[in-house]
Protein chains: 2
Amino acid sequence: MISVSLVEDHADTRESLAALIDGAPGFRCASVHASAEEALQNIPKQNPDVALVDINLPGMSGIECVAKLKNLLPQLPILMLTTYEESELIFNSLRAGARGYLLKKMAPMELIPAIEQVHAGGAPMSMPVASKVVEYFQQRQNASSEMEKLTQREQEILALLAQGFLYKEIGERTGISFSTVRSHLRNIYEKLHVQSRTEATVKYLGAR
Amino acid sequence: MISVSLVEDHADTRESLAALIDGAPGFRCASVHASAEEALQNIPKQNPDVALVDINLPGMSGIECVAKLKNLLPQLPILMLTTYEESELIFNSLRAGARGYLLKKMAPMELIPAIEQVHAGGAPMSMPVASKVVEYFQQRQNASSEMEKLTQREQEILALLAQGFLYKEIGERTGISFSTVRSHLRNIYEKLHVQSRTEATVKYLGAR
DNA sequence: AGTTCCATAGGCCGTTCGGCCTATACCACG
DNA sequence: CGTGGTATAGGCCGAACGGCCTATGGAACT
């Protein structure tokens, strides 16, 4: 029996979701909450198996609610359920600790398997959401045109540099001398059009 | 009719996949390729609707193959199909331009809907893969808890620091003295548990 | 055989950074 | 009315950095 808590301010949506969950064999709606504040007070008492949270709530947003819930119940898998598919909302929700992100326009029948999936350790996402997440990784590809001009060795040294190692330590780790590290860095800086360690680090991190 | 090209070195896997695709109504296996090199030469001629690529290929890896294919055919949606679920392989595949990532251990019947999904602009991922992708976003959460301990002023200065400005320049931009910049930085470094500009920059960039 | 790229190595020198110290003024909370 | 947190400011000093210079050996391509 998987118990589910809902956080949703619209009364009718809330009730139809509760009915849908209670109507599915093996699922139970543990509690419903009309606001983030109320949810934070009461969900820990219920200790459900899964939480379904709307983003657009009065007062504290659903995203903040997820972050605070994660602090109280780090093991609780949380699903966002919302109308919005803006990238920023998606990414912020995931950063806050949500494990899945569903759009309300999806077929209600798909909700139950999604709850099952997130309970089993999965990360259910509606199709356009998964696309945006994948595209997030690909953006970083563009900035790496300058990075491609670096030789293997140079990339290796840059990776260490970006982790904060001293020139001396980079030399030890790669088996070359301090002077050679500096020679490589000179070339790296020129190729990346930067003049400092920090700028090189920013470019390096931005390109992955 | 959705046409699919395969890149897979194991002959038996390759043939059973081809048979599976040709056996599905509305799907056609456009071509099969045993190596990345061969695929790069011939897939552009076939111009399929979808490509399925294995990671573990002799010679050029499947990930490199995806990157080069993306250059030749930027619109082609590519699905990785592989045994490995290491995070680095997943992330590198997505960075290279793959739109989905499937594990071979999944049920063969799920392959066809996944191809359909990626062709429709989706991003199909096997359950453990989607989990790892979501967890990638959550890592950033940890680093930002330290960031929250910084005062407004400190965050402002850190932002400039992470862009590579000299202490002197940071002072000019914020209207405070060089010495005060250093005082703030001392506190910032202590709060973030770092001892260099580069480490602070990495934490800062990782938390956004 | 010559050219070009890469990895290796070093010297010199001024600038920047970061650790350690102290100090004042303000504001809020108890 | 003290206590603590924040923003401001400075001195001293050694370590680290980065710009400039040159140089050699190997690999690859022409």
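Every value quoted in this text rests on a predicted model; they were computed, and no experiment measured them. Each chain gets a letter, A, B and so on, in the order the sequences are listed, and its residues count up from 1.
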**Fill in**
Heavy-atom contacts, protein to nucleotides 22-30 of chain C, under 4.0 Å, summarised as B (base), S (sugar-phosphate only) or - (none) per nt, yield B--------

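The NE2-C1' distance, from B:H184 to C:dG19, rounds to 18 Å in whole Å. Following rounding to the nearest Å, B:L185 (CG) and C:dT16 (P) show an atom-to-atom distance of 15 Å. The NZ-C1' distance, from B:K149 to D:dT6, rounds to 17 Å in whole Å. Between the C1' atom of C:dC20 and the CD atom of B:E190 lies a distance of 12 Å, rounded to the nearest Å. B:I157 places its CD1 atom 10 Å from the P atom of D:dA9, with the value rounded to the nearest Å. Separating the OH atom of B:Y189 from the P atom of C:dC20 is a distance of 14 Å, rounded to the nearest angstrom. Between the P atom of C:dG19 and the CD atom of B:Q195 lies a distance of 7 Å, rounded to the nearest Å. To the nearest angstrom, C1' of D:dC17 lies 16 Å from CG of A:L158.
Using a 3.5 Å distance cut-off with no hydrogens or angles, the side chains of A:T201 and B:T201 do not pair a donor with an acceptor.
Contact check, A:T151 against C:dA7: a side-chain N or O comes under 4.0 Å of OP1 or OP2. Here A:S179 does not reach the OP1 or OP2 of C:dA9: none of its side-chain N or O atoms lies under 4.0 Å away. Contact annotation: A:R197 side-chain N/O to D:dC17 OP1/OP2 distance is under 4.0 Å. Taking 4.0 angstrom as the limit, B:T180 places none of its side-chain polar atoms (N or O) nearer than this to OP1 or OP2 of D:dT8.
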Side-chain donor-acceptor pairs of residues 51-65 of chain A under 3.5 Å, sequence neighbours excluded:
from	atom 1	to	atom 2	distance (Å)
A:D54	OD1	A:K104	NZ	3.3
A:S61	OG	A:I63	N	3.2
A:S61	OG	A:E64	N	3.2

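Rounded to the nearest 0.5 angstrom, A:M125 CE and A:L102 CG are separated by 10.0 Å. Between the CD atom in B:E110 and the CD1 atom in B:I115 there is a gap of 12.5 Å [rounded to 0.5 Å]. Atom OH of B:Y101 is separated from atom CG of B:L79 by 12.0 Å, given to the nearest 0.5 angstrom.
Within the helix from C:dA1-D:dT30 to C:dG30-D:dC1, the inter-axis angle between the opening and closing five-pair segments is 50°, rounded to 10°.
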**Criterion side-chain contact (heavy atoms from CB on, under 4.5 Å) on B:L161 and B:Y167, from CA distance to verdict** = CA-CA 8 Å; B:L161 187 87; B:Y167 289 5; 3.8 Å; yes

**Asked** Which is it for B:T180 and B:S183 under the side chain to side chain donor-acceptor pair (under 3.5 Å) test, yes or no, and what are the steps along the way?
**Response** CA-CA 5 Å; B:T180 305; B:S183 291; 5.6 Å; no

**Message:** Could you walk me through whether A:N42 and A:E38 satisfy the side chain to side chain donor-acceptor pair (under 3.5 Å) test, starting with their C-alpha distance in whole Å, then the side-chain angles of each, then the deciding distance to 0.1 Å, before giving a yes or no?
**Reply:** CA-CA 6 Å; A:N42 297 313; A:E38 197 235 306; 3.0 Å; yes

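Within a heavy-atom distance below 4.0 Å of DNA chain C, the residues of residues 161-178 of chain A found are A:I176, A:S177.
Evaluation of the ring pair (Phe, Tyr, Trp, His ring centres under 6.0 Å) rule for B:F91 yields A:F137, B:Y136 as partners, not counting sequence neighbours.
A:E154 and A:K149 are not joined by a salt bridge, as no carboxylate oxygen comes within less than 4.0 angstrom of a charged side-chain nitrogen. Under the 4.0 Å criterion applied to side-chain N and carboxylate O atoms, A:R173 and A:E156 are not assigned as salt-bridge partners. Salt bridge status for A:K132 with A:E86: absent, with no side-chain N to carboxylate O gap under 4.0 Å.
A side-chain donor-acceptor contact under 3.5 Å links A:E8 to the backbone of A:H10. Judged by distance alone, the side chain of A:S126 and the main-chain N or O of A:V129 form no donor-acceptor pair under 3.5 Å.
A donor N or O paired with an acceptor N or O is not found under 3.5 Å between the base of D:dG10 and the side-chain atoms of B:R182.
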Dump the pairs, protein N or O against N or O of nucleotides 24-26 of chain D, anything under 3.5 Å, distances to one decimal.
none

